[in-house]
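Beneath this line is the structure, given in C-alpha cells, with notes to follow.
Order of the sequence lines sets the chain letters (A, B, ...), proteins ahead of strands, with each chain counted from 1.
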Protein chains: 2
Amino acid sequence: MPNRKVVSFENLKVACKNCSLATLCLPVALEPDDVERLDSIVKRGRPFHRGDHLFREGDDFHSLRVITSGSVKTYSPSEDGSEQVLGFHLPGELIGLDAIQNERHSCSARALETTAVCEIPFDSLEELSSAMPSLQHQMYCLLSREIGQETEMLTLLGKKSAEERLATFLLSFSERFKKRGFSATDFFLSMSRHEIGNYLGLAVETVSRLFTRFQEEGLLKVERKHVQLLDLPRLNDIIHGIDSVRTSNQSRA
Amino acid sequence: MPNRKVVSFENLKVACKNCSLATLCLPVALEPDDVERLDSIVKRGRPFHRGDHLFREGDDFHSLRVITSGSVKTYSPSEDGSEQVLGFHLPGELIGLDAIQNERHSCSARALETTAVCEIPFDSLEELSSAMPSLQHQMYCLLSREIGQETEMLTLLGKKSAEERLATFLLSFSERFKKRGFSATDFFLSMSRHEIGNYLGLAVETVSRLFTRFQEEGLLKVERKHVQLLDLPRLNDIIHGIDSVRTSNQSRA
DNA sequence: CGTTTGTTTGAGCAACATCAATAATTGTGG
DNA sequence: CCACAATTATTGATGTTGCTCAAACAAACG
C-alpha cells in the first residue's frame with residue numbers, strides 16, 4: 001500500500017511536551033523550556049513484547065524507565081525459582097527507582113503485554129536536576145511517593161484479609177485507569193490470577209474464589225481478564241473493613 | 001557541685017564532622033567543606049522521652065530527622081485506633097522521607113526510649129543539594145535505599161512464615177547494631193512484643209511463642225527485652241527457609 | 001489438534017489468630 | 001520502700017482463614 005503513510009518508530013518524534021502522560025510523569029510542574037531540556041535526554045526505544053524483560057535483577061543500572069503504553073510487572077526472584085511480585089505499572093509510572101542506590105537493579109521487570117517505555121539515563125537526569133530545582137523537587141516527590149505507596153502495601157499485607165486485599169487491588173486499578181482517561185469500572189487486567197495472588201500475598205485459588213464470590217454478590221462482573229466493577233461504594237466499604245456482605249446480602253433468588 | 005562542668009544540650013556543639021554516625025548518615029561521601037555546609041542547616045533539639053511523638057500523621061512536614069541516639073518507631077494509625085508499625089529506627093537512620101511528596105506527614109513517629117534527633121529543614125536541604133551534586137546524589141541513594149528496604153519487607157509479609165519473619169527481624173537488628181559498633185549477638189530490643197508482632201504481621205502471642213521456641217531450640221536466649229543470639233548460622237538458615245529444627249534438633253535432654 | 005498453561009472448584013488441613021487465664025514487670029502514690 | 005494498679009508477657013485451648021492438594025475444565029499456542 002504505497003500511498004499509506006509509513007509510521008515507523010524512528011520517525012515518530014514523540015516529545016514530552018506532546019505526550020498525553022505529561023501530567024502524570026516527570027514533566028509535572030516543569031516550565032515548557034525545562035520540559036524541552038528533559039526531553040533532550042529521554043530515549044525512546046522500540047516496544048517490548050509480552051514476557052520480554054525490561055531489565056533483570058542484577059543488571060547494571062543506567063536508566064529509569066517510564067511506561068508509555070502497555071503494562072509491566074516488577075518482581076523479585078528468589079533462589080528457589082519462586083518470586084515476589086512487587087508491583088504492576090501503568091503508563092506514566094516510573095520504574096527502576098530502587099536501583100539508584102547500588103547502581104544495580106534489585107528487581108526484574110517484564111512486560112505484561114506489548115509495552116513502550118521512555119528511558120531516562122540517570123546520570124543525565126541527575127545533572128539536569130542539579131541545574132533545575134523544579135526537576136530535583138519533582139524527583140524527591142516521586143521517590144517519596146513511591147515510599148508512601150509501599151508503606152500502604154505493608155499495611156495491606158500485614159493487616160488486611162484476603163477480601164480487603166482484592167478489593168483494594170481492584171479499586172487501585174480503577175483509580176489509575178480513570179486518571180489515564182480510561183473507564184474506572186470496565187477494564188482488562190493484564191496479569192494472571194497467579195500474579196495477582198503473588199502480589200497480594202494470596203494463593204491463586206483464593207483469588208479465583210474471591211472473584212467468583214464478588215461476582216455472586218453483585219460487586220463485579222468478571223470474565224477472565226475483563227473486569228467490570230458494578231458497585232464501587234460497596235467495594236470501598238470492603239476496603240475499610242465494613243462487611244457489606246452481611247449488611248446487604250443481595251444474592252439473587 | 002559547683003566545680004563540675006555543666007554540660008547542657010545548648011552548649012554541646014555537636015557537629016556532623018565529629019559525629020560518630022557520619023559514616024551512616026547524610027555526610028557519607030561529602031567533602032569536609034560540604035559537611036560543614038550541611039552542618040550549618042542542621043538543628044539539634046532536646047531529647048524526646050519514651051512515648052513522645054517526634055511527629056504525627058497529618059502534621060505539616062518541614063524537616064527530615066536523623067536519629068542520633070535512642071530509637072523510634074514509625075507507624076500509620078488507622079481510623080479504628082489500631083495501627084500498622086512501619087519501622088523501627090536506630091541512630092543514623094533518616095525518617096520523614098515519605099512526607100516530602102505532599103508536605104504532610106503520612107505516618108507518626110514516637111520515641112521508644114530517650115532519643116535524640118537532628119532536624120534537617122527540607123527546604124534548606126533541597127537548596128543545598130541543588131548546589132552540591134554529591135549531596136543530591138546521596139539523597140537519591142537514601143531514598144532509593146528506603147524503597148529497596150520496603151520491597152524486602154513486602155516479600156517478608158507476602159511470603160514468609162512466622163518463624164522466618166522473626167528470624168529476619170532479629171538478624172536485621174543484629175546487623176544494624178553491629179554497624180553501629182554494638183554487639184551483634186547481645187542487645188536490648190526497645191519495643192514491646194506487641195509492636196514486634198504488629199510490625200511483622202503476627203499476633204503478640206505468636207511472637208511470644210516463637211521466642212520461647214527459639215530459646216528451647218538453642219537459637220537464642222531471651223529475657224524480656226534482652227536478647228542474646230546464640231546461633232547466627234541457624235538463624236540465617238531459617239531466614240532462607242531451611243528448616244534447621246528438623247535437621248539438627250538440639251532440644252536439651 | 002494435541003499440548004501446555006491458566007482458571008475454577010472442592011475437600012481437607014495447617015498455620016496462625018483469637019480467646020482466656022495467669023504470671024511477671026513496671027509504674028505510681030503513699 | 002512497699003502496696004496496688006496497670007501494662008506486658010507467657011501459656012494453653014479452641015477457632016478460622018486461607019493454603020495445599022487434587023481434579024476438571026477452558027483457553028492459548030504451536
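F211(B) places a side-chain heavy atom less than 4.5 Å from the side chain of L170(B).
Taking a cutoff of 4.0 Å between a charged side-chain nitrogen and a carboxylate oxygen, E83(B) and K73(B) qualify as a salt bridge. Remark: D59(B) does not engage R104(B) in a salt bridge, criterion side-chain N to carboxylate O under 4.0 Å.
Aromatic pair F88(A)/Y199(A): centroids less than 6.0 angstrom apart.
A cation-pi contact, defined as under 6.0 Å to the ring centre and within 45° of the axis, is absent between R65(B) and F55(B).
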Protein-to-nucleotide contact annotation, 5' to 3' order, nucleotides 6-24 of chain C [B base; S sugar-phosphate only; - none; under 4.0 Å, heavy atom]: -SBBBB----SSBB-----

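Within the structure, side-chain hydrogen bond (donor to acceptor under 3.5 Å, both in side chains) pairs that include any residue of residues 168-182 of chain A comprise E93(A)-R176(A), E93(A)-R180(A), S172(A)-R176(A) (at least two apart or interchain).
Checked by atom type, the side-chain pair T155(B)/Q84(A) shows no donor-acceptor distance below 3.5 Å.
Boundaries of the chain A contact region on DNA chain D are dG18(D) to dA27(D), first to last in 5' to 3' order (nucleotide atom under 4.0 Å from a heavy atom).
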